[in-house]
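This report refers to the structure that appears directly beneath it.
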Amino acid sequence: MSTVRVRIAPSPSGFLHIGTAKVALFNWLYARQTGGAFILRLEDTDADRSTEEFAEAMCEGFRWLGIDWDEGPEFAGQPEKGALGPYRQSLRKELHRREAHRLLEEGKAYRCFCTKEELDAAREEAMREKRPPRYAGTCRNLSAEQIAAMGDRPFSIRFRVEPGETVIDDLIQGPVKVDNKEFDDFIILRPNGEPIFHLAVVVDDGTMKITHVIRGDDHLTNAARHVMLFDALGYARPKFAHLPMVLDEHGKKYSKRLHGANVLDWRDDGYLPETLVNYVALLGWTPVEEGRELFTREELVQAFDIDRLGKSAAKFDLKKLQWINGQHIRRLTPEELRDRVLPILHRAGLDTSGKTPEWLAHMAAACQEKIPTLNDIVAYTDFFFAEPSHYEEKAVKKQWDKPDAAERLEHISQTMASVEPWSAEAIKVAFEALAERTGNPLGHFVHPARLALTGKSVGPGLFELTELLGRDAVVERLGRAIAFIQHGMETQS
RNA sequence: GUCCCUAUCGUCUAGCCCGGCCUAGGACACCGCCCUUUCACGGCGGCGACACGGGUUCAAAUCCCGUUGGGGACGCCA
């Protein structure tokens, strides 16, 4: 029985960010690999910015990626899971408050009567004078009499940072030593009784028995504060692993407003969830098996190794993502591909109701090796569901602007009218025979035919496409194309 | 300003901890060739990096120091 307990603790103040997804994935992989528990905790203490819609959007992102949690809040009709809840930070305030007051009683924290205005002014002044903006310690050593004299003036609670050195034994960064002099006494509870992030995370991680805190390295410095709090509160210190962040293609922080910051943007763009999972996993992790880059979610669980995490930030590379997507699309069965692509076809306004599931699976198979994203299916197959609305201009010039163009299509049409059986293989043989008989290369007939049947110059293999289209449609479309060449060339713009 | 983290091809990275096997390996991208009914796929080849400067050493991508670049923390945000 594994005792590993890890968590993802997003603040529901936006969609699921690509960086959060990375952190979640590594936590999830570690949990799944060790047989431990993966916990979702919503850090919604900032009521102004946290909304239920965001919480749902975030969960939808996780669901799409296939990152499921063993313990977490109630969501979308699902009841809360787990024995150490509640899993919304906002519902744990009472506990946070109690722990803050416990520290106060134990002398590990103290009352601070400074007002926000005073503190803000002091910080600004320090910044202006290029001094480290730290709390001056005004209320650090107030006597009982002085405190009593404050009457019922509101106060915040500050953690008392003791002199010494704090060491974070980070699984990724190695031991990180920080002199406690670098930290001032930080506030853990606001005058209104609301907990501050540092207190809330530590209390929650401590009481939820988190064993490994795997998160973004923007928290590395905070980790020292957290370690001090863990110790002061008497909780077992978790192990830490601070992951490098995900940068955009220019090497900047992946801004929320950038397309792709929301993992669901990628779904909308036609990427498979397994692609995102695979790609993000490679951002900072390399398998022992050298050269291997393609993994399913399950294979990642097997291969993942927390010791092989990199230390530096990685830029997001769309081209690599596209390549991985193509690879994963090829690994789908035709039926799986069909099922994933059908909603996209429908959204594009194509009516697939006239086709059987088997036919649609064949169609999917014909495109499988060609489409970089699921969305490309539309351009590759729309002509199956509707007559080509027009012929690609450049292709018309190249293929049909020849004296014998109509004649060639006529040959093809006659051939197609009599091929038996109506199969891609037989159609291929017929085309080859036609080419040979007339002493032409195969392309001499294939290219004009493609244009006649699809209106385009690129698409699925011609013979498969021809079979799928059916003899009647093929002969009819060839006829139209011949008519177009004979009468319509000059009217086409 | 102080402190912390980080730095190998354009990009993701292997190698670094335990110096020599590194004339630095792979992948994506790019270029060329081959395959080929288009587009892809696939195959072959090419281009292409140890940020800089000092040490230590017979020997440094690998160890040490500094510089520079990037990121982060220093909030009654999370």
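Throughout, a chain's letter reflects where its sequence line sits, starting with A, and its residues are numbered from 1.
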request  = Have a look at A/Cys112 and say if it touches a base, only the backbone sugar-phosphate, or nothing, with a 4.0 Å heavy-atom cut-off.
outcome  = nothing
ask   = How would you label the contact of A/Arg292 with the nucleic acid (heavy atoms, under 4.0 Å): base, sugar-phosphate, or nothing?
value = nothing
Could you pull out the protein-nucleic contacts involving nucleotides 27-31 of chain B (nitrogen or oxygen on both sides, under 3.5 Å)?
residue: B/rA27; atom: O4'; partner: A/Glu293; partner atom: OE2; Å: 3.1
residue: B/rA27; atom: O2'; partner: A/Glu293; partner atom: OE2; Å: 2.0
residue: B/rA27; atom: O2'; partner: A/Lys320; partner atom: NZ; Å: 3.1
residue: B/rA27; atom: N3; partner: A/Lys320; partner atom: NZ; Å: 3.3
residue: B/rC28; atom: O2'; partner: A/Lys320; partner atom: N; Å: 3.2

request  = Please state whether the rings of A/His226 and A/His198 are parallel, tilted or perpendicular, taking 30° and 60° as the class boundaries.
outcome  = tilted
* To do: Mind checking A/Pro10 for me? I need base, sugar-phosphate or nothing, with any heavy atom below 4.0 Å counting as a touch.
  => nothing
### Query
A/Arg331 side chain to A/Gln327 main-chain N or O, any donor-acceptor pair under 3.5 Å?
yes
- Task: Determine the contact category for A/Thr286: base if any of its heavy atoms lies under 4.0 Å from a base atom, sugar-phosphate if only primed atoms, P, OP1 or OP2 are that close, otherwise nothing.
- Result: sugar-phosphate
- Would you say A/Thr221 reaches B/rG72's phosphate, i.e. side-chain N/O to OP1/OP2 under 4.0 Å? no
*Identify whether any heavy atom of A/Leu119 sits under 4.0 Å from a base atom; if not, whether one sits that close to sugar-phosphate; answer base, sugar-phosphate or nothing.*
base
For a quick test of reading the model: is some side-chain N or O of A/Ser11 closer than 4.0 Å to OP1 or OP2 of B/rC77?
no
Hey, are the side chains of A/Leu276 and A/Ile18 touching, using non-hydrogen atoms and a 4.5 Å cut-off?
yes
| query | NA contact type, A/Tyr279, heavy-atom cut-off 4.0 Å: base, sugar-phosphate, or nothing? | reply | nothing
Name the pairs: protein N/O against N/O of nucleotides 6-9 of chain B, kept only if under 3.5 Å.
residue: B/rU6; atom: OP1; partner: A/Lys311; partner atom: NZ; Å: 2.7

Per atom distances to the A/Leu220 side chain, the nearest of B/rC4, B/rC76, B/rC12 is B/rC4
Students often get this wrong, so: under 4.0 angstrom with heavy atoms, is A/His242 touching a base, only sugar-phosphate, or nothing?
nothing
Hey, does A/Leu283 reach any base, or is it just sugar-phosphate, or nothing, if we go heavy atoms under 4.0 Å? sugar-phosphate
In whole angstroms, the gap separating C1' of B/rC77 from CD of A/Gln89 amounts to 12 Å
Atom CG of A/Leu189 and atom C1' of B/rC77 are separated, to the nearest Å, by 15 Å
Over 60° means perpendicular and under 30° means parallel, so tell me whether A/Phe445 and A/His411 are parallel, tilted or perpendicular. perpendicular
Quick one: does A/Tyr279's side chain get under 4.5 Å of A/Asn325's, heavy atoms only? no
- prompt: Is the backbone of A/Arg140 close enough, under 3.5 Å, to the side chain of A/Arg160 for a donor and an acceptor to pair up by distance?
  reply: yes
Could you tell me how far B/rC58 sits from B/rG19 if I compare only their C1' atoms? Round to whole Å. 12 Å
With the side chain defined as heavy atoms from C-beta on, A/Val176 is closest, among B/rC5, B/rG70, B/rA78, to B/rC5
Describe the nucleic acid contact of A/Asp170 in one word from base, sugar-phosphate, nothing, applying a heavy-atom distance below 4.0 Å. nothing
*Checking A/Gln173 side chain against A/His242 main chain: does a donor-acceptor pair fall under 3.5 Å?*
yes
Q) OP1, OP2 of B/rG15 versus side-chain N and O of A/Arg308: anything below 4.0 Å? A) yes
>> Need one value for A/Asn222: base, sugar-phosphate or nothing, where a base atom within 4.0 Å counts as base even if backbone is also close, heavy atoms only.
In response: base
| field | Under 4.0 angstrom between A/Arg190 side-chain N/O and B/rC77 OP1 or OP2 | value | yes
*Would you please test A/Asp376 and A/Thr373 for side chain to side chain donor-acceptor pair (under 3.5 Å) and show each step?*
CA-CA 6 Å; A/Asp376 292 299; A/Thr373 74; 2.8 Å; yes
### Message
Base, sugar-phosphate or nothing for A/Lys253? Non-hydrogen atoms, less than 4.0 Å.
### Response
sugar-phosphate
key: N/O donor-acceptor pair, side chain A/Lys130 with base B/rU2, under 3.5 angstrom   = no
message: So A/Lys252, base contact, sugar-phosphate only, or nothing? Heavy-atom distance under 4.0 Å.
response: sugar-phosphate
Partner of B/rG1 under the Watson-Crick or G-U wobble criteria, both distances under 3.5 Å, comes out as B/rC74
Q) So, do A/Glu162 and A/Met228 sit near enough that their side-chain heavy atoms are less than 4.5 Å apart? A) no
request  = Report yes if at least one side-chain N or O of A/Gln327 is closer than 4.0 Å to OP1 or OP2 of B/rG42; otherwise report no.
outcome  = yes
Re B/rC30: Watson-Crick or G-U wobble partner, both distances kept under 3.5 Å, found to be B/rG46
| said: Over 60° means perpendicular and under 30° means parallel, so tell me whether A/Phe26 and A/Phe304 are parallel, tilted or perpendicular. | reply: parallel
Given the options A/Val23, A/Leu220, A/Asn27, A/Leu243 meets side chain to side chain contact (heavy atoms under 4.5 Å, CB included) only with A/Val23
*Reckon A/Gly284 touches a base, only the sugar-phosphate, or nothing at all at heavy-atom distances under 4.0 Å?*
sugar-phosphate
Taking OP1 and OP2 of B/rC76, is either one under 4.0 Å from a side-chain nitrogen or oxygen of A/Arg123? yes
